[in-house]
Amino acid sequence: MSLFDIGRNNIALAAPIALILVAAAQPVSRAGRLLSARWLVFLGEASFALYLVHIIIYQRFPVVRWETASQLLGHLGALALAFTLATCVAILLHFGLEVPARRRIRSCYQAASPEQRRRLVRLGSIGLAALVGAAATYALRDAAGDAVTQSGISVVSATYGGNCRWISARGNATGAVAAACNGKDACTFSAGTARIGDPAPGCAKEFTAAWFCKGDRTIRSSSAADERAMISALQLSCNAVTRDE
């Protein structure tokens, strides 16, 4: 992911950041009173733990496809359930692990001698500098395209049987297709159930994949027709997008 992609994907943060800045500048304003609400302060204390665990929990929930109002309600319900579960786990981690660890570290620091404190500060500074350097290296490397992309196919996603259920595990074949095709100029991948499993027995499954090539951020895609998915093979190529019927 390039620096541009990082900025674009986080553009939604502009609104809450603006709200925080207004609240900080004018604490008695509506924004200030809103962000001072006890329940928001409580969630704010556990926000770091929520940041760490939310993606793990969300990835375990199926992606919901909807075509009717009732299915949309199911989608919103799944999101609400995932958020509730992530919030509960984050609160438990915050008050059960983070807070006690913070108190322990502070008590050890206060009990340390001046020389030990200076040593801890130096070690902490070195660690912070190392983290910043690693993050900068990673971002600058990705700004020019990662090694896999530069050497050929880089699979973005692949789904087998996404058409069969209104709740489906999108991306269930991404790992298998990426392992077989990443770095190649052309690749043929069969949708045999022995390789990626059968997510919906008895259903004629569609097999789809999306990828990009050699620093070109244009997303290419291919799919096998539903009735032929079991015997068809996707063709991934950095020269042309084709499909083996």
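Numbers here simply count residues along the sequence, with the first being 1. Here the structure is a predicted model, which is why all the values come from computation and not from measurement.
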Using the rule given for ring-ring contact (aromatic ring centres under 6.0 Å, His included), can you reason through Phe189 versus Tyr160, listing the C-alpha separation, both sets of side-chain angles and the distance that settles it, and then say yes or no? CA-CA 12 Å; Phe189 189 92; Tyr160 180 55; 9.4 Å; no

From CA spacing to verdict: side-chain contact (heavy atoms from CB on, under 4.5 Å), Phe212, Thr218: CA-CA 6 Å; Phe212 53 83; Thr218 301; over 6 Å; no

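Between Arg122 and Glu115 a salt bridge is recorded (basic side-chain N to carboxylate O distance below 4.0 Å).
Checking side-chain atoms of Ser222 against main-chain N and O of Ala209 turns up no donor-acceptor pair under 3.5 Å. Between the Asn182 side chain and the Val155 main chain, a donor and an acceptor come within less than 3.5 Å of each other. Under a 3.5 Å cut-off, the side chain of Trp211 and the backbone N or O of Ser237 do form a donor-acceptor pair. Under a 3.5 Å cut-off, the side chain of His94 and the backbone N or O of Glu45 do form a donor-acceptor pair. A donor-acceptor pair is defined here as one N or O able to donate and one able to accept, closer than 3.5 Å; no such pair exists between the side chain of Gln110 and the backbone of Ser107. A distance-only check finds a donor-acceptor pair linking the side chain of Arg220 to the backbone of Cys238 [under 3.5 Å].
Between the CD1 atom of Ile126 and the CG atom of Leu131 there is a distance of 12.0 Å, given to the nearest 0.5 Å. We find the CG-CD distance between Leu52 and Glu98 to be 8.5 Å, quoted to the nearest 0.5 Å. Interatomic distance, CD1 of Ile57 versus CZ of Phe83, reported as 11.0 Å (0.5 Å rounding). Rounding to the nearest 0.5 Å places NE2 of His54 at 12.0 Å from OG of Ser47. In this structure, Gln235 CD and Thr188 OG1 are separated by 3.0 Å, a value rounded to the nearest 0.5 Å.
A pairwise comparison of heavy atoms in Ser36 and Gly32 identifies OG-O, 2.7 Å as the closest pair. Closest approach of Ala90 and Ala49 over heavy atoms only: O-CB, 3.5 Å. Across all non-hydrogen atoms, the minimal contact from Ala180 to Cys187 is O-SG, 3.8 Å. Heavy-atom minimum distance, Val156 versus Thr174: O-CG2, 3.9 Å. The shortest non-hydrogen separation linking Phe207 to Val177 is CZ-CG2, 3.9 Å.
Residues Arg119 and Val121 fail the side-chain proximity criterion, which asks for heavy atoms closer than 4.5 Å.
The same ILVMFWY cluster, assembled from side-chain heavy atoms under 4.5 Å apart, contains both Val99 and Phe42. Under the 4.5 Å side-chain heavy-atom criterion for ILVMFWY residues, a single connected hydrophobic cluster contains both Leu43 and Leu34.
Open room surrounds CZ on Phe48; 12 or fewer heavy atoms of other groups in view lie less than 6.0 Å from it. The local environment of CZ in Arg30 is sparse, with at most 12 non-hydrogen atoms from other residues, nucleotides or ligands closer than 6.0 Å.
Among Ile91, Thr87, Leu93, the one residue that satisfies the side chain to side chain contact (heavy atoms under 4.5 Å, CB included) test with Val89 is Leu93.
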